[in-house]
Protein chains: 2
Amino acid sequence: MNAIFDALSHPIRREVLELLKRGGMTAGELADHFPVSKPTMSGHFAKLKSAGLILGENRGGTIIYTLNLSVLEEAVMGFMNRVRAGQSASTRTCPPKGETA
Amino acid sequence: MNAIFDALSHPIRREVLELLKRGGMTAGELADHFPVSKPTMSGHFAKLKSAGLILGENRGGTIIYTLNLSVLEEAVMGFMNRVRAGQSASTRTCPPKGETA
DNA sequence: TAGCTATTTAGCTAATACGCTAAACAACAA
DNA sequence: TTGTTGTTTAGCGTATTAGCTAAATAGCTA
């Protein structure tokens, strides 16, 4: 939980997650999207990875990072549900089961 | 966006939001739930307030904080939708409109 | 082997964040 | 006015974070 929200607190790291939504990208490709050095980006990747939000696959010299969406979903939606618990239907994200949207 | 995710990065601040889900509480009531000093809690309230996540109403000497859920919803769900965009139906949070859950 | 590309690690600086105590401020009661 | 309660502000110490450059590591190609 903590590591995940910590990881989400930096705008570059949130944007990395967005870039990965369509599939894997190499560390270099990702780094090229941001105006900071590659070592700095490597630190951001490390934080995202240790939070479990991305996975790194080593493909001979280059590393392909992919989004681990389920971990993000579970942490963020779990928190939102805890904050919303007991709220009225008007603020629910989804309709109750068995009802039409 | 940034201020909101920054505010969410500290576990005490997330828990404050959860405590406020059922209604307003005074700064002192909130502070009593945590093992840190009141000045420290005051700093956490200030951060939550400047992010727009809570509102403080001054009722003669004591301050009542309330959750501003819509700001939290908009930021967090907005981000989740950006990260999910283009994902398959199996990972969607809600069923498409007009379908039964 | 050497050389090239991709990425991380090491080491540093500067800025930010979090905690504390003591003091200040505001509202109310005696 | 004095005291009491509730809360924030001021000031400080320490830890963490984010950025940099330079160097190290890993894998490929020739």
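When reading the values below, keep in mind they use all heavy atoms of this one structure, side chains included, and skip hydrogens, waters and symmetry mates. Naming convention: chains lettered A, B, ... in sequence-line order (proteins, then strands); numbering from 1 in each chain.
Across all strands, Tyr65(A) comes closer than 4.0 Å only to sugar-phosphate atoms, never to a base (heavy-atom distances). Residue-level contact check: Lys49(A) touches neither bases nor backbone, having no heavy atom under 4.0 Å from any strand. Residue contacts shown for Thr62(A) are limited to sugar-phosphate atoms, with no base heavy atom under 4.0 Å away.
Set against dC20(C), dT8(C), dG19(D), the side chain of Thr40(B) has dC20(C) as its closest nucleotide. For Ser42(B), taking side-chain heavy atoms from C-beta onward, the closest of the listed nucleotides dT8(D), dT8(C), dG19(C) is dT8(D). Nearest to the side-chain atoms of Lys38(A) among the listed nucleotides dC20(D), dT7(C), dC18(C) stands dT7(C). Comparing dT7(D), dT17(D), dT9(C) by their closest approach to the side chain of Asp6(A) singles out dT17(D). If you check dC18(C), dG19(C), dG19(D) against the side chain of Arg13(B), the one that comes closest is dC18(C). The side chain of His44(A) approaches dG19(D) more closely than any other nucleotide in the set dT7(D), dT7(C), dG19(D).
The shortest heavy-atom contact between Met41(A) and Leu30(A) is CE-O, 4.5 Å. Closest heavy-atom contact between Ala7(A) and Leu48(A): CB-CD2, 4.1 Å. The two residues Ala75(B) and Ile4(B) make their nearest non-hydrogen contact at CB-CD1, 3.5 Å.
For the pair Glu57(A) CD and dG27(D) P, the interatomic distance rounds to 14 Å; values are reported in whole Å. Leu8(B) has its CG atom 14 Å from the P atom of dA17(C), to the nearest Å. The CZ atom of Arg59(B) sits 14 Å away from the P atom of dT7(D) (whole-angstrom rounding). To the nearest angstrom, C1' of dC18(C) lies 14 Å from CG of Asn2(A). Rounded to whole Å, atom P of dT8(D) lies 4 Å from atom CD1 of Ile63(B). A straight line from CE of Met25(A) to C1' of dA6(C) spans 15 Å, rounded to a whole angstrom. One can place CG of Asn58(B) at 13 Å from C1' of dC28(C), the figure rounded to the nearest angstrom. At whole-Å resolution of the value, CD1 in Ile54(A) and P in dT8(C) are 9 Å apart.
Comparing Gly61(A) and Ile64(B) along DNA chain D, the residue whose closest nucleotide (by nearest heavy atom) sits nearer the 5' end is Ile64(B).
In terms of phosphate contacts, Ser37(B) brings no side-chain nitrogen or oxygen within less than 4.0 Å of OP1 or OP2 of dG19(C). Between dG19(C) and His10(B), a contact under 4.0 Å exists linking OP1 or OP2 to a side-chain N or O.
With hydrogens and angles ignored, the 3.5 Å screen pairs a side-chain donor or acceptor of Lys21(A) with a backbone N or O of Arg82(B).
The side chain to side chain contact (heavy atoms under 4.5 Å, CB included) test with Leu20(A) is passed by exactly one of Ile54(A), Leu53(A), Leu69(A): Ile54(A).
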